[in-house]
Amino acid sequence: MTSEVMIVSSNSLVLSSDGAVTVKGRKTFTGVKKLFKLSINPTSVIMVYGKPDFGSVDMESIIEEFKRQDNLTELDSIRNITCEFIKFLENYTFPDNVEYFVKYNFGIFKKHLSENLEGLDNDLFWDYIGSFEKEDKFSFIGDVSFEDIIPDDVSDKKKANGELLKIFSSYLSTMGTGIVIAGFDKYHKRPSFFHVGLMVNNGSKVEYCVLDYEENFDGNDIVSFAQDEEINTFLVV
C-alpha cells in the first residue's frame with residue numbers, strides 16, 4: 001500500500017519520488033530518491049535527491065536512525081527538526097575528503113566557465129555573470145581563484161574573481177545531497193519547508209547551505225493516505 005501526503009497552499013512546492021522535483025515553481029531537480037515520513041506530531045516528511053548518501057552513510061539509513069531519537073517528539077517546528085537533523089549528521093556520519101570535493105568540482109566548473117567567458121568584453125562579462133545565483137564564499141573552499149580565466153577587457157579582476165567565487169559556492173551547494181524537510185509546526189496549521197544542500201562532512205562540522213525556506217505560510221490543507229514509511233508524493237500548490 002502506498003502513501004501520499006498533500007499540502008495545498010497559495011505558494012507552489014511540488015515534491016515527487018518519480019525522479020524530479022520542482023520547488024516553488026522555479027527550479028527542477030532530477031535524481032529524486034524517496035520521500036520518508038519523519039514524525040506524526042508535528043507532521044513532517046523528508047525528501048532526498050542528488051547523492052544517495054552523506055558522509056559515507058546511505059541517506060535511508062541516516063533517516064531511519066534519526067527517527068529513533070528520543071527527543072524527536074519534543075521538536076515543535078520544521079525549523080527545529082531541520083536543525084536537529086543537520087546536528088545528527090555531524091555525529092552519525094563520517095568525515096569526507098573535503099579537498100577532493102572542492103578540487104574535483106572546481107576543475108569541472110572552471111573548465112565550463114572558461115569556455116563561456118572567452119572573448120567577452122567588460123560589459124558582456126558582467127551581464128553574463130549577473131544571471132547566476134550566488135552564495136557568500138564558503139570558508140572550506142580555501143584558496144582557489146578564477147583570475148587566470150577572467151577576460152583581459154575586465155577592468156576590476158579582483159571584484160570579478162570574488163563574484164565568480166560566489167557563483168562557484170552556489171554551484172557547490174547543489175553538488176552533494178539535497179534534502180527538503182516539510183510539514184506543519186506543532187502549534188500551527190500552516191505548512192513550512194526547509195530546502196537544504198548538504199555538501200560535505202568537514203570533520204565535526206556539516207557544510208551545508210539553506211537554499212530556500214517558507215514558514216507557516218497562509219492558505220493550506222493536508223490530506224494523508226495510508227501510513228507506510230515511504231511517501232510517494234508531497235504536494236504544495
Side-chain angles (χ1 to χ4, degrees), residues 11-14 20-32 47-51 54-55 79 82-83 86 89-90 95-181 193-215:
N11 291 301
S12 172
L13 168 64
V14 181
V21 56
T22 301
V23 176
K24 296 180 72 177
R26 294 200 303 264
K27 191 181 302 182
T28 299
F29 301 93
T30 57
V32 176
M47 183 203 72
V48 179
Y49 69 91
K51 282 184 60 184
F54 181 80
R79 174 185 287 271
T82 302
C83 291
I86 293 170
L89 291 173
E90 295 177 353
D96 289 306
N97 188 332
V98 178
E99 183 179 356
Y100 175 80
F101 176 77
V102 174
K103 185 177 180 180
Y104 174 80
N105 285 292
F106 180 75
I108 294 174
F109 183 81
K110 188 176 182 180
K111 181 177 183 298
H112 178 73
L113 189 63
S114 177
E115 294 169 353
N116 287 280
L117 293 181
E118 187 176 358
L120 297 184
D121 62 23
N122 186 70
D123 290 341
L124 285 175
F125 171 83
W126 290 108
D127 286 345
Y128 175 72
I129 69 170
S131 63
F132 288 89
E133 293 187 13
K134 301 178 179 68
E135 296 286 348
D136 289 340
K137 179 189 173 186
F138 301 129
S139 59
F140 72 89
I141 289 177
D143 188 20
V144 296
S145 175
F146 294 100
E147 289 195 26
D148 58 321
I149 65 168
I150 296 173
D152 293 337
D153 285 349
V154 176
S155 55
D156 193 341
K157 288 185 168 53
K158 183 176 180 180
K159 178 181 177 182
N161 184 62
E163 291 302 298
L164 293 175
L165 286 170
K166 291 179 181 179
I167 296 171
F168 178 56
S169 292
S170 179
Y171 171 82
L172 278 185
S173 71
T174 66
M175 288 297 103
T177 304
I179 62 170
V180 178
I181 296 178
F193 77 88
F194 278 80
H195 177 201
V196 179
L198 303 171
M199 291 173 282
V200 287
N201 181 330
N202 190 6
S204 60
K205 179 184 178 183
V206 171
E207 303 290 356
Y208 69 95
C209 179
V210 177
L211 303 174
D212 201 1
Y213 73 96
E214 290 275 5
E215 293 185 278

Filter on salt bridge (charged side-chain N to carboxylate O under 4.0 Å, His left out), then keep only pairs touching residues 162-172, sequence neighbours left out; what's left? E163-K166
Only counting residues at least two apart or in another chain, list the ones meeting side chain to side chain donor-acceptor pair (under 3.5 Å) with N202. E207
Can you name the salt bridge (charged side-chain N to carboxylate O under 4.0 Å, His left out) partners of K158, sequence neighbours left out? none
Could you give the distance from CD (E214) to NE2 (H195), rounded to the nearest 0.5 Å? 13.0 Å
Could you check if a side-chain atom of I179 sits within less than 4.5 angstrom of a side-chain atom of F54, using non-hydrogen atoms only? no
If you apply the rule side chain to side chain contact (heavy atoms under 4.5 Å, CB included), what do you find for E215 with F194, and how did you get there? CA-CA 8 Å; E215 293 185 278; F194 278 80; 3.8 Å; yes
Does D212 form a side chain to side chain contact (heavy atoms under 4.5 Å, CB included) with F193? I'd like the steps, not just the answer. CA-CA 8 Å; D212 201 1; F193 77 88; 4.1 Å; yes
Determine whether I150 and L164 make a side-chain contact, defined as any pair of heavy atoms from C-beta on separated by less than 4.5 Å. yes
Just wondering, more than 12 heavy atoms not from E99 lying within 6.0 Å of its CD? no
Looking only at heavy atoms, the pair that brings K157 and V154 closest together is NZ-O, 3.0 Å
Check whether S170 reaches the backbone of I167 with its side chain - one donor and one acceptor, N or O, closer than 3.5 Å. no
F140 versus K205: any side-chain heavy-atom pair under 4.5 Å? no
Non-neighbouring partners of E90 that pass salt bridge (charged side-chain N to carboxylate O under 4.0 Å, His left out), sequence neighbours left out: none
Can you name the residues that form a ring pair (Phe, Tyr, Trp, His ring centres under 6.0 Å) with F125, not counting sequence neighbours? none
Measure the CG-CG distance between L198 and D96 for me, rounded to the nearest 0.5 Å. 10.5 Å
Compare all side-chain heavy atoms of L89 with those of N201 and state whether any distance is below 4.5 angstrom. no
Grab the two heavy atoms, one from K51 and one from M175, that are nearest each other, plus how far apart they are. CD-O, 4.2 Å
Listed by chain and number, what are the salt bridge (charged side-chain N to carboxylate O under 4.0 Å, His left out) partners of K134, not counting sequence neighbours? none
Report the residues that fulfil side chain to side chain donor-acceptor pair (under 3.5 Å) with S145, sequence neighbours left out, ordered by chain and then residue number. N161
Using the test salt bridge (charged side-chain N to carboxylate O under 4.0 Å, His left out), find all partners of E135 that sit at least two apart in sequence or belong to another chain. none
Applying side-chain contact (heavy atoms from CB on, under 4.5 Å) to D153 and not counting sequence neighbours gives D121
Nearest heavy-atom approach of Y208 to V206 is CD2-O, 3.4 Å
Which value, rounded to the nearest 0.5 Å, describes the distance between E147 atom CD and L165 atom CG? 9.0 Å
Side-chain donor-acceptor pairs under 3.5 Å in residues 105-113, sequence neighbours left out?
{"residue": "N105", "atom": "ND2", "partner": "F101", "partner atom": "O", "Å": "2.8"}
{"residue": "K110", "atom": "NZ", "partner": "D148", "partner atom": "OD1", "Å": "2.9"}
{"residue": "K110", "atom": "NZ", "partner": "D148", "partner atom": "OD2", "Å": "3.0"}
{"residue": "K111", "atom": "NZ", "partner": "E115", "partner atom": "OE2", "Å": "3.0"}
{"residue": "H112", "atom": "NE2", "partner": "N116", "partner atom": "ND2", "Å": "3.3"}

Please name the pair of heavy atoms, one in S173 and one in C209, separated by the smallest distance, quoted to 0.1 Å. CB-CB, 3.8 Å
Filter on side chain to side chain donor-acceptor pair (under 3.5 Å), then keep only pairs touching residues 122-131, sequence neighbours left out; what's left? N122-W126
